[in-house]
A.B. asks: 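Before I ask anything, let me first share the structure, which is written out below as structure tokens.
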Amino acid sequence: MRHSSKAPPMSLTAEAADLLTSLGVARHAFTGGALTVRSPIDGAPLGALQETADPAAEIAKAARAFQHWRNVPGPRRGELVRLLGEELRAHKQALGRLVTLEVGKSESEGLGEVQEMIDICDFAVGLSRQLCGLTIASERPDHKLTEQWHPIGPVGVISAFNFPVAVWSWNAALALVCGDSVIWKPSEKAPLTALATQAIFARAAAKFGDAPEGLSTLLIGGAAVGAALVDDPRVPVVSATGSTRMGRAVGERLARRFGRAILELGGNNASIVTPSADLDLTLRAVAFAAMGTAGQRCTSLRRLIVQESVYDALIPKLKAVYARISVGDPARGDALVGPLIDGQAFEAMQNALAAARAMGATVHGGERVEVNGPASFYVRPALVEAPAQQGPVVEETFAPILYVLKYRDIDEAIALQNGVPQGLSSSIFATDMREIERFLSARGSDCGIANVNMGPSGAEIGGAFGGEKETGGGRESGSDAWKAYMRRQTSAVNYGRTLPLAQGVKFDVD
């Protein structure tokens, strides 16, 4: 009898342990605890973590670190972020693979998330030499009026499962060069990648040489741990990514103590398809935007608003793509659609589809697909031809559901695009410049992101990321988002011998 020399595939549990160890995470950090982390790929346990017993003590470490770090020159702070980027480059494959195991992303998406981390580090290194204020013309003679920016304090970061490491980096890279310490509360569904990232940061800090202890700290746990972070007055800024329900609670708690919120919440994103659209390009863009990451991006395409004259040319082709799209195990193959994060997400998807059917919609797909047994939740993406924008169409379901609507003129299309509570991302497919400019104008899309001839998902780090309305209004990553991590100070200097008052006020005491 001939025996194969090929070893059987390693279990996800064993592979995750090997990856964590190779990335520098001590074994006791992911074993023996009460918080069990399971892979959505097959339900395998990947780790058992201890929850942070004393969040206040970790926040105290970050507060002490800030006292030191704020005095370090900006370009020197940028050197630490440069070293972090180098460590991420060196460990991109391992960290990207861990993202795949923990949240079910495809190999390319897992690696792409780590590349986002590298890119924002590069951006922040340059920023460390450009934290610029203003010199302003003073109305008073012999006066100089300036505006400058100072480090604000420890920055809290609450991240969601769907981008378990990139969102931390958007915040942390900017906060670090701005002179702040960082306190990270990852999703309890994806804390292993956070442990690995923290170990990578520790190596960069060791190479840096004089980074204070507590400059980057980690809080492991659920809602109670997050509440401790949000309520602590030593944390002047909290950036929270997640559902609108979560963001509303965070925003209210921060407002009670006058803390600053950076909120990245729900996104019921739409694309408009006009008569002048390149339909082949549209088809490819819609497929990725709606089905990539199994519809579990805040920028995933949820609504497709199609002009009635091109509806019959586009939608049958789109149905065919949905019918043949590959659904499968992202750890063992190259399927384009992986699993939902858990059974709760599957239930939410099925409830939304039931509500759509109840209002007269036609549902294509949406059924569960057997891949790795009952502990995992794979689904065929759903294409839903909806009679109106109501019911589940105006709600965000974090799953691969695309609602398709018809429109007659561009004003109606933009009204549909804007007619939901969320305002994150949007796009238009057109070659008619009048329609494109109408969409991008002040009376066009009301979202924080407005794309042309591409889907609403897939942001670059050079532009500030975020949205309006129930998306929360926060901005992260590029552009001038760094200002959210600093405090503004206006200064007037009188270098003369008289005391002229502003607005011509007189107050003579002689």
Side-chain angles (χ1 to χ4, degrees), residues 24 61-92 95 113-134 146-157 159 165-184 194 197-218 235-237 239 260 262 459-465 475-489:
K61 291 180 185 176
R64 289 192 295 271
F66 168 70
Q67 298 298 316
H68 170 87
W69 192 242
R70 64 182 177 178
N71 296 320
V72 176
R76 175 66 179 154
R77 300 192 297 248
E79 173 62 10
L80 172 57
V81 176
R82 187 191 70 80
L83 291 169
L84 174 60
E86 290 303 307
E87 288 295 321
L88 288 167
R89 283 182 172 87
H91 299 283
K92 178 178 176 179
L95 184 57
E113 182 162 353
V114 183
Q115 187 61 49
E116 278 195 62
M117 303 175 78
I118 295 167
D119 292 345
I120 195 63
C121 286
D122 288 349
F123 177 92
V125 171
L127 177 65
S128 69
R129 295 180 181 270
Q130 300 179 70
L131 301 172
C132 302
L134 296 172
T146 61
E147 180 181 274
Q148 58 185 339
W149 296 85
H150 291 305
I152 193 169
V155 171
V157 179
S159 60
V165 288
V167 167
W168 171 82
S169 69
W170 294 354
N171 289 278
L174 298 192
L176 288 167
V177 299
C178 287
D180 305 325
S181 54
V182 181
I183 309 157
W184 184 12
T197 301
Q198 189 72 1
I200 290 170
F201 177 84
R203 280 196 294 279
K207 290 181 179 179
F208 180 77
D210 59 351
E213 180 187 2
L215 188 56
S216 177
T217 58
L218 201 57
V235 184
V237 177
S239 173
R260 186 184 299 177
I262 303 172
E460 297 183 31
I461 60 90
F465 180 89
R475 293 296 186 275
E476 294 172 335
S477 195
S479 186
D480 66 346
W482 61 270
K483 293 178 178 178
Y485 306 92
M486 304 195 83
R487 59 182 178 87
R488 186 194 311 247
Q489 185 178 80

A.B. asks: For Gln67 and Asn71, which heavy atoms make the closest approach, and how far apart are they?
C.D. replies: O-ND2, 3.2 Å
A.B. asks: Testing the basics here: between Ala62 and Ile183, what is the closest heavy-atom pair and its distance to 0.1 Å?
C.D. replies: CB-CG1, 3.5 Å
A.B. asks: Does Val125 offer a backbone N or O that forms a donor-acceptor pair with the side chain of Ser128 under 3.5 Å?
C.D. replies: yes
A.B. asks: Answer yes or no: is there a side-chain heavy-atom contact under 4.5 Å between Trp482 and Gln130?
C.D. replies: no
A.B. asks: Return the minimal non-hydrogen interatomic distance between Val81 and Val177, and the atom names on each side.
C.D. replies: CG2-CG1, 3.7 Å
A.B. asks: Under the criterion side chain to side chain contact (heavy atoms under 4.5 Å, CB included), which of Leu215, Leu174, Leu176, Asn171 is the partner of Val182?
C.D. replies: Leu176
A.B. asks: To the nearest 0.5 Å, what is the distance between CD1 (Ile262) and CH2 (Trp170)?
C.D. replies: 12.5 Å
A.B. asks: Please report the C-alpha distance between Val155 and Ser181 in whole Å, then the side-chain angles of each, then the deciding distance to 0.1 Å, and finally whether the side chain to side chain contact (heavy atoms under 4.5 Å, CB included) criterion is met.
C.D. replies: CA-CA 6 Å; Val155 171; Ser181 54; over 6 Å; no
A.B. asks: With rounding to the nearest 0.5 angstrom, report the CZ to CG distance, Arg203 to Leu88.
C.D. replies: 9.5 Å
A.B. asks: What are the two closest heavy atoms between Trp69 and Pro212, and how far apart are they?
C.D. replies: CE3-CD, 3.8 Å
A.B. asks: Between Arg82 and Glu79, does any side-chain N to carboxylate O distance fall below 4.0 Å?
C.D. replies: yes
A.B. asks: When rounded to the nearest 0.5 angstrom, what distance separates SG in Cys121 from CZ in Arg89?
C.D. replies: 8.0 Å
A.B. asks: Output yes when a side-chain donor or acceptor of Ser477 lies under 3.5 Å from a complementary backbone atom of Ile461, and no otherwise.
C.D. replies: yes
A.B. asks: Salt bridge check: are Lys207 and Glu87 linked by an N-O gap of less than 4.0 Å?
C.D. replies: yes
A.B. asks: A cation-pi test, strictly: NZ or CZ of Arg260 under 6.0 Å from the centre of the six-membered ring of Tyr485 and no more than 45 degrees from its axis. Yes or no?
C.D. replies: no
A.B. asks: Tell me whether Asp180 is salt-bridged to Arg77, with the criterion being a basic N under 4.0 Å from an acidic carboxylate O.
C.D. replies: no
A.B. asks: Can you tell which of Val165, Val114, Leu84 makes a side chain to side chain contact (heavy atoms under 4.5 Å, CB included) with Ile200?
C.D. replies: Leu84
A.B. asks: If you measure from CD on Glu476 to CH2 on Trp168, what distance do you get to the nearest 0.5 Å?
C.D. replies: 13.0 Å
A.B. asks: Donor-acceptor check, side chain of Glu213 to backbone of Ala65, threshold 3.5 angstrom: yes or no?
C.D. replies: no
A.B. asks: Is there a donor in the side chain of Ser159 and an acceptor in the side chain of Trp184, or the other way round, less than 3.5 Å apart?
C.D. replies: yes
A.B. asks: Closest heavy-atom contact between Ala63 and Pro154?
C.D. replies: CA-CG, 3.8 Å
A.B. asks: Can you tell me how far the CG atom of Leu134 sits from the CZ atom of Arg488, to the nearest 0.5 Å?
C.D. replies: 8.0 Å
A.B. asks: Keeping Gln148 on the side-chain end and Gly133 on the backbone end, is there a donor-acceptor pair under 3.5 Å?
C.D. replies: no
A.B. asks: Between Glu116 and Ser169, is any side-chain donor less than 3.5 angstrom from a side-chain acceptor?
C.D. replies: no
A.B. asks: For the CD atom of Gln489 and the CH2 atom of Trp149, what is their distance to the nearest 0.5 Å?
C.D. replies: 11.5 Å
A.B. asks: Could you go through the side chain to side chain contact (heavy atoms under 4.5 Å, CB included) check for Phe465 and Glu460 one step at a time?
C.D. replies: CA-CA 8 Å; Phe465 180 89; Glu460 297 183 31; over 6 Å; no
A.B. asks: Are His150 and Arg70 close enough that some pair of their side-chain heavy atoms sits under 4.5 Å apart?
C.D. replies: no
A.B. asks: How far apart are the closest heavy atoms of Pro151 and Met486, and which atoms are they?
C.D. replies: N-CE, 3.6 Å
